[in-house]
Amino acid sequence: MTKNTNPSAHVGRFLTVEGVEGVGKTTNIDFISGWLEGQGIPYIHTREPGGTPLAEEIRELLLAPRKEQVAPTAELLMMFAARAQHVEQVIKPALADGKWVLCDRFTDATYAYQGGGRKMDFNKIAQLESMVQGEFRPDAVILLDLPVAVGLARAAKRGALDRFEQEAESFFQGVRDTYLARAKESPSRYWLVDAEKSLDNVQDQIAHILNKIVSGQVG
Ligand code: T5A
């Protein structure tokens, strides 16, 4: 791999990776990390919910299976509480330092899971997004897409299911539909990847996208 000499590669970019359960985010984020290293692009890798000690504690609260029903509003507020901490303590400082931020999920996941999955009002999510982030948004979203049943089967092979993974298939169908609708609404920000293909094929698609992002092309 030749190093990137394009000066725009050395301006911090905020890149997020999204998709339903088992779509291969973790696997492909490792691939993206290797690609950025190969290009000599400074970056940090982080995740949501989480990314700071406080936000990671909130993640544990959110993901732990529990007998008590979690009120959707409580879940939504915890997602944004973790995000507020993460954006201020980690994401913005890294971007200000000229680093790329590679983030496993961000606010698009809130629209997809709390909006599309839990059926919470998208306007309420937008209000919180505005309160926590102002106009701050990812520069690019890589959306890994596959049929829900395929992703759930992959996720089930990994062992114990967290609180979200225990939801019904219809919940994840709402998640996937919302991601796809958002990608359609904002084609300049979303890059769609067919994640049902073999891992080699998926990573070829991602490398192609990364080359375009580095060279400043839109989605
Ligand atoms: N959440 C999050 C919200 O509800 N609202 C929010 O605002 C946010 C930010 C935690 C949960 O929080 C929710 C969504 C989530 O339920 P998470 O940790 O990102 O988020 O949880 P998961 O989606 O479960 O992420 P995982 O990392 O556990 O799964 P991945 O990354 O999608 O899948 P991965 O890479 O582990 O791959 C799964 C398996 O498939 C294989 C892999 O080898 C692995 O075994 N695989 C393939 N197999 C065949 N072909 C391919 N192309 C393959 N790619 C991967």
Side-chain angles (χ1 to χ4, degrees), residues 16-34 45-52 55-56 58-65 70-87 90-91 101-120 122 124-126 128-129 132-133 137-138 141-169 171-176 178-179 182 193-207:
T16 64
V17 181
E18 299 277 1
V20 294
E21 313 296 308
V23 76
K25 286 182 298 89
T26 306
T27 313
N28 289 302
I29 282 175
D30 287 347
F31 170 77
I32 297 170
S33 297
H45 166 200
T46 187
R47 68 173 180 183
E48 288 218 344
T52 83
E56 288 289 330
I58 299 174
R59 176 188 178 92
E60 281 176 31
L61 292 174
L62 279 161
L63 296 196
V70 179
T73 304
E75 181 179 284
L76 177 67
L77 291 171
M78 280 193 274
M79 289 294 175
F80 272 107
R83 182 162 300 134
Q85 187 72 4
H86 189 209
V87 167
V90 173
I91 298 177
V101 174
L102 173 57
C103 190
D104 186 340
R105 300 193 185 280
F106 194 63
T107 307
D108 290 287
T110 311
Y111 282 98
Y113 281 78
Q114 281 63 53
R118 298 255 183 263
K119 310 292 179 210
M120 295 199 75
F122 288 115
K124 287 196 176 142
I125 299 173
L128 287 169
E129 179 182 40
V132 169
Q133 298 167 223
R137 302 287 181 275
V141 181
I142 295 185
L143 175 58
L144 302 174
D145 178 62
L146 47 54
V148 166
V150 177
L152 291 179
R154 284 187 192 168
K157 283 195 198 146
R158 287 179 314 207
L161 301 179
D162 67 33
R163 193 170 62 82
F164 287 97
E165 288 165 347
Q166 293 177 359
E167 292 292 339
E169 196 166 318
F171 173 92
F172 295 108
Q173 194 57 54
V175 172
R176 182 188 186 201
T178 303
Y179 273 133
R182 287 177 65 76
V193 172
D194 179 354
E196 200 180 358
K197 296 272 190 333
S198 71
L199 196 51
D200 280 350
N201 180 298
V202 169
Q203 294 181 344
D204 283 348
Q205 294 177 63
I206 292 174

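Indexing begins at 1, ligand by ligand and atom by atom, following the structure's order. Basis for what follows: all heavy atoms, side chains included, without hydrogens, waters or symmetry-related copies. Nothing fancy with the numbering, it's 1 onward along the sequence.
Between Cys103 and His45, the closest side-chain pair of non-hydrogen atoms is not below 4.5 Å.
The existence of a salt bridge linking Glu56 and Arg47 is confirmed by a sub-4.0 Å separation between a basic side-chain nitrogen and an acidic carboxylate oxygen. With salt bridges taken as basic N to acidic carboxylate O contacts below 4.0 Å, one links Glu129 and Arg137.
Listed as neighbours of ligand 1 are Glu21, Gly22, Val23, Gly24, Lys25, Thr26, Thr27, Glu48, Pro49, Arg59, Leu63, Met79, Arg83, Asp104, Arg105, Ala109, Thr110, Tyr113, Gln114, Arg154, Arg158, Phe164, Glu165, Ala195, Lys197, Ser198, Leu199, Val202, each bearing a heavy atom under 4.0 Å from the ligand.
The aromatic rings of Phe171 and Phe164 sit tilted, their planes meeting at an angle between 30° and 60°.
Looking at residues two or more places apart in sequence or on another chain, you find a side-chain hydrogen bond (donor to acceptor under 3.5 Å, both in side chains) between Glu75 and Gln114, Arg118, Arg163.
Counted within 6.0 Å of NZ on Lys119, heavy atoms from surrounding residues, nucleotides or ligands total more than 12; the atom is thus considered enclosed.
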